[in-house]
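Single-structure report; data block below.
All values below come from the heavy atoms of this structure, side chains included, with hydrogens, waters and symmetry mates left out.
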Amino acid sequence: MPPEVPHCRSPVTPQVRFSSLVSLKAQLDQPYQHKHCRGSKNMNFSRKKLIPFLVLILSIISVLRLLRIAITTSSSSPPFPASTALPPTALGDACSPLSTCSKFPSEKNVSANVTGLREKEYRLLSNLIWQKAPCNLLIFGIDPQYVSLSSINAGGTTIFLEDDHNKISTLKTNSNTTRVYQVDYQIPAKEAYKLLKHARENPDCAPSSKLQLSKCQLALKNLPQEVYELKWDVVVVDGPSGSTPDEPGRMAAIYTASMMARNGNITDVVVHDVDRMIEKWFSWEFLCDENLVSSKGRLWNFRITGQSNSTNFCPAKTITIE
């Protein structure tokens with residue numbers, strides 16, 4: 001059997017003639033085979049040139065698709081299901097949850113003096129109210145952002161407790177289920193350390209004590225009677241300001257909120273400005289980190305189950321102070 005003739009031959013390779021038939025056939029086929037070899041090389045060269053262009057085109061398409069998805073999700077992402085209708089506004093001209101009239105502090109320009117809710121914090125809180133509405137909502141402090149929460153809580157009861165008369169005078173409510181009371185906080189923020197030790201050492205501050213009859217220095221006993229009578233679904237602590245050592249701090253508000261929560265069934269207690277030492281300490285002490293269910297920015301959300309017979313707020317963990 002004659003040997004196979006190479007499919008593609010180099011011009012410098014000597015030709016081997018095995019027989020006249022084979023030589024004749026090889027000579028006849030040689031131009032076509034040589035041309036075929038050059039065509040394969042050209043085709044391979046063209047493919048190598050096309051690969052970078054294909055990669056570039058696919059990359060551009062992928063980037064464009066990602067940009068389209070990002071723009072679509074960020075431009076219209078309401079805090080509530082799109083198929084759910086918003087409740088009617090209960091405060092006349094108050095802002096609805098999806099309106100742009102609420103102004104939020106810039107994420108880049110937040111200073112220690114800015115106490116308003118950031119957008120992500122407001123979304124967490126408004127979603128919580130939306131899920132529970134109609135409910136009993138108690139808010140320590142008042143702010144235009146919080147006023148819009150009462151419109152979300154249409155059909156429920158919303159009570160604001162505020163010590164600043166100027167803020168109260170500028171608030172207008174058109175709902176019989178939304179009420180504002182002026183309260184007097186007498187304990188300055190600089191007393192926080194001493195009050196924390198007092199609460200640990202005094203049995204009157206235990207969760208099993210009656211709030212209105214308590215001798216604990218942290219108990220707020222001068223609140224309106226309905227505040228003590230209602231079972232609260234959500235309690236928000238964002239007042240008093242507590243921004244300087246001599247101004248009233250939020251120690252008593254956090255303690256009182258924790259006592260009210262343990263007197264109910266299941267209560268969400270939301271504390272703002274937890275980046276500050278007092279809010280962080282007293283939240284850990286009386287609301288307990290094991291009850292923390294969600295957080296955004298400077299906002300912590302604790303879920304407390306009623307346990308008025310307990311002798312300790314957080315049996316699992318306490319903060320060591322000296």
Side-chain angles (χ1 to χ4, degrees), residues 138-141 161 163 183-224 227-232 234-293 295 298-322:
L138 177 64
I139 302 178
F140 289 85
L161 302 176
D163 62 331
V183 296
D184 184 20
Y185 301 103
Q186 299 179 350
I187 307 176
K190 61 185 178 183
E191 301 291 329
Y193 177 80
K194 183 175 71 175
L195 287 173
L196 189 57
K197 293 189 69 176
H198 163 77
R200 289 185 172 182
E201 298 169 357
N202 197 327
D204 290 330
C205 296
S208 56
S209 62
K210 299 296 182 181
L211 191 57
Q212 284 184 279
L213 303 175
S214 175
K215 295 180 181 179
C216 181
Q217 296 177 16
L218 284 168
L220 292 175
K221 298 178 286 185
N222 60 343
L223 303 179
V227 175
Y228 301 106
E229 293 175 351
L230 287 174
K231 304 291 185 181
W232 297 104
V234 181
V235 180
V236 180
V237 180
D238 198 8
S241 65
S243 56
T244 66
D246 293 323
E247 291 184 6
R250 297 179 186 172
M251 303 83 67
I254 294 175
Y255 170 82
T256 301
S258 72
M259 293 288 286
M260 291 178 175
R262 286 172 172 83
N263 193 38
N265 295 321
I266 298 178
T267 304
D268 283 84
V269 180
V270 182
V271 182
H272 192 222
D273 296 322
V274 293
D275 58 322
R276 305 193 305 194
M277 188 61 68
I278 290 176
E279 284 76 0
K280 186 179 297 182
W281 271 9
F282 280 76
S283 294
W284 282 343
E285 183 74 17
F286 300 114
L287 298 173
C288 313
D289 55 358
E290 61 263 27
N291 296 323
L292 184 66
V293 293
S295 65
R298 302 167 296 159
L299 200 71
W300 282 355
N301 177 22
F302 299 87
R303 187 157 296 155
I304 310 295
T305 303
Q307 45 184 342
S308 58
N309 295 326
S310 176
T311 56
N312 296 317
F313 286 96
C314 308
K317 181 179 179 181
T318 57
I319 305 171
T320 302
I321 58 175
E322 298 178 357

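- Atom CG of D275 has more than 12 heavy atoms from other residues, nucleotides or ligands within 6.0 Å.
- For the pair R298 (side chain) and V274 (backbone), a donor-acceptor distance under 3.5 Å is absent.
- Legend: residues meeting side chain to side chain contact (heavy atoms under 4.5 Å, CB included) with V183, ordered by chain and number and at least two apart, are L161, Y185, L223.
- Expressed to the nearest 0.5 Å, how far CZ of R262 lies from CD1 of I304 amounts to 5.0 Å.
- Within the model, atoms CG of L292 and CZ of R303 stand 10.5 Å from one another, a figure rounded to the nearest 0.5 Å.
- The salt bridge (Lys or Arg N to Asp or Glu O under 4.0 Å) test applied to K194 returns E191, not counting sequence neighbours.
- No donor-acceptor distance shorter than 3.5 angstrom exists from the side chain of S214 to the backbone of A219, with no hydrogens or angles considered.
- Applying the ring pair (Phe, Tyr, Trp, His ring centres under 6.0 Å) criterion to F286, with sequence neighbours excluded, gives Y255, F282, F313.
- To the nearest 0.5 Å, the span separating CD on Q217 from CE on M251 amounts to 10.5 Å.
- Legend: residues meeting side chain to side chain donor-acceptor pair (under 3.5 Å) with K215, ordered by chain and number and at least two apart, are absent.
- Between atom CD1 of residue I187 and atom CG of residue L218 there is a gap of 6.0 Å, rounded to the nearest 0.5 Å.
- Residues L211 and M260 are in side-chain contact: their nearest non-hydrogen atoms beyond the backbone lie under 4.5 Å apart.
- To the nearest 0.5 Å, atom CZ of residue F302 and atom CD of residue E290 are 9.5 Å apart.
- Within the structure, disulfide (SG to SG under 2.5 Å) contacts touching residues 250-287 (residues at least two apart or in different chains) do not occur.
- With sequence neighbours excluded, the residues that form a side chain to side chain donor-acceptor pair (under 3.5 Å) with D184 are Q186.
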Take I254 and F140 through the test side-chain contact (heavy atoms from CB on, under 4.5 Å) and record every step on the way to the result. CA-CA 9 Å; I254 294 175; F140 289 85; over 6 Å; no
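- Here the side chains of D273 and R250 are in contact, with some heavy-atom distance below 4.5 Å.
- E285 pairs with exactly one of K280, R200, K197 by the salt bridge (Lys or Arg N to Asp or Glu O under 4.0 Å) rule, that one being R200.
- K190 pairs by the side chain to side chain contact (heavy atoms under 4.5 Å, CB included) definition with P188, P245, D246, not counting sequence neighbours.
- Residues meeting the side chain to side chain contact (heavy atoms under 4.5 Å, CB included) test with N202, sequence neighbours left out: H198, D204, C205.
- Here the straight-line distance linking atom CG of L213 with atom NZ of K221 works out to 8.5 Å at 0.5 Å rounding.
- For E247, the side chain to side chain donor-acceptor pair (under 3.5 Å) test picks out S241, S243, with sequence neighbours left out.
- Closest heavy-atom contact between A253 and G239: CB-O, 3.6 Å.
- Nearest approach of L220 to A252, heavy atoms of both residues: CD2-CB, 3.7 Å.
- Looking only at side-chain heavy atoms (C-beta outward), H272 and V236 stay at 4.5 Å or farther from each other.
- In this structure a side-chain-to-backbone donor-acceptor pair under 3.5 Å is missing from W232 to V269.
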